[in-house]
Amino acid sequence: MEDYLLMMVSAMFINNIALIRFMGNCPIVGVSSSMSSAVGMSFAVIFVTTLAGTTCWIIQKAVLEPFSIEYLQTLVFILVIASNVQITEMVVQKVSPPLYRALGIYLPLITTNCMVFGISLLNIQDERSFMETLVYSISAAGGFAVVLIILAGIRERMAATAYVPAVLQGVPITLITAGIMALSFAGLLGLD
């Protein structure tokens, strides 16, 4: 139990997938302009990443390794991720049409989010068990969500109260802010 707790803290904060490993930066910049979009995207990414991570692990252990066809890993994992995104997109469209419209193109772009693919590969590369894969996938996606929500809060606050020079408005100030957040998260690396 303690090992899982340490894995969760490490994946969420110490080795954060977005700020320390620099995966999934496109949605971080694209969706972090409003809190409602960031929260919706966070739940969608957590769901897709967890489902994709565990599904890919099962396929790797039950099909690819027994039949010695690991060379198909990339293709199979991409198909699994794309299928999971399609299912998530249909569910979000049915359950919450305003959120579906707010997320726009970013929801289908989860398919190309390298973080989802990267977590699936890290689970196999680090030879995690199924339970470890489940915990790591949720935690790493949770770390991504933490960064996305904090950045959305900062950007909304900056838009309402701070003067940002015209040359730095939009993506530049977002990247500077994300860089400062990465420095603060990197301060936790010694705890690993």
Side-chain angles (χ1 to χ4, degrees), residues 8-50 52-53 74 78 81-82 84-86 88-89 92-93 96-122 136-192:
M8 290 174 70
V9 171
S10 175
M12 288 185 76
F13 301 108
I14 299 169
N15 293 306
N16 185 283
I17 201 84
L19 296 178
I20 302 300
R21 294 186 184 249
F22 301 110
M23 291 185 196
N25 290 325
C26 296
I28 291 284
V29 173
V31 184
S32 63
S33 58
S34 76
M35 184 61 81
S36 61
S37 296
V39 170
M41 183 63 144
S42 296
F43 283 115
V45 167
I46 289 171
F47 178 75
V48 168
T49 303
T50 305
T74 302
I78 288 172
I81 292 167
N84 290 332
V85 169
Q86 279 300 114
T88 303
E89 188 177 358
V92 170
Q93 186 178 14
S96 178
L99 178 61
Y100 178 77
R101 284 191 296 277
L103 292 176
I105 189 68
Y106 291 104
L107 191 54
L109 282 180
I110 294 174
T111 304
T112 60
N113 186 340
C114 60
M115 182 201 72
V116 179
F117 185 69
I119 288 173
S120 297
L121 285 180
L122 284 172
Y136 181 77
S137 297
I138 292 173
S139 304
F144 173 84
V146 166
V147 170
L148 187 61
I149 291 171
I150 290 174
L151 190 58
I154 291 171
R155 286 182 72 182
E156 280 190 350
R157 187 78 155 175
M158 274 194 302
T161 60
Y163 169 74
V164 178
V167 72
L168 293 177
Q169 291 179 358
V171 173
I173 195 66
T174 302
L175 291 176
I176 290 169
T177 306
I180 293 169
M181 287 176 62
L183 287 174
S184 65
F185 274 66
L188 300 172
L189 284 174
L191 298 176
D192 197 19

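Quantities reported herein were computed from a predicted structural model and do not represent experimental measurements.
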Got a second to check how far [X]'s [atom1] is from [Y]'s [atom2], nearest 0.5 Å?
{"X": "Leu189", "Y": "Asn15", "atom1": "CG", "atom2": "CG", "answer": "6.0 Å"}
{"X": "Phe117", "Y": "Leu122", "atom1": "CZ", "atom2": "CG", "answer": "10.5 Å"}
{"X": "Leu151", "Y": "Met35", "atom1": "CG", "atom2": "CE", "answer": "9.5 Å"}

Item to complete: Answer yes if the side chains of Thr177 and Thr174 hold a donor-acceptor pair under 3.5 Å, and no otherwise.
Response: no
Worksheet item: Which is it for Ile28 and Phe144 under the side chain to side chain contact (heavy atoms under 4.5 Å, CB included) test, yes or no, and what are the steps along the way?
Response: CA-CA 8 Å; Ile28 291 284; Phe144 173 84; 3.7 Å; yes
Worksheet entry | Derivation and outcome, side chain to side chain contact (heavy atoms under 4.5 Å, CB included), residues Met115 and Asn25 | CA-CA 9 Å; Met115 182 201 72; Asn25 290 325; over 6 Å; no
Worksheet item: Are Ser42 and Ile149 side-chain neighbours, meaning at least one heavy-atom pair lies under 4.5 Å?
Response: yes
Heavy-atom pair of closest approach, residues [X] and [Y]:
{"X": "Ala182", "Y": "Ile20", "result": "O-CD1, 4.2 Å"}
{"X": "Leu19", "Y": "Ala178", "result": "CD2-O, 3.7 Å"}
{"X": "Pro27", "Y": "Leu148", "result": "O-CD1, 3.7 Å"}
{"X": "Ala152", "Y": "Ser34", "result": "CB-O, 3.9 Å"}
{"X": "Ser137", "Y": "Ile119", "result": "OG-CG2, 3.8 Å"}
{"X": "Phe13", "Y": "Phe185", "result": "O-CD2, 3.3 Å"}

Without swapping roles, check the side chain of [X] against the backbone of [Y] for a donor-acceptor pair under 3.5 Å.
{"X": "Asn16", "Y": "Met12", "answer": "yes"}
{"X": "Arg155", "Y": "Val29", "answer": "yes"}
{"X": "Ser96", "Y": "Val92", "answer": "no"}
{"X": "Thr50", "Y": "Phe47", "answer": "no"}

Worksheet item: Can you check side chain to side chain contact (heavy atoms under 4.5 Å, CB included) on Phe22 and Ile17, steps first, answer last?
Response: CA-CA 6 Å; Phe22 301 110; Ile17 201 84; over 6 Å; no
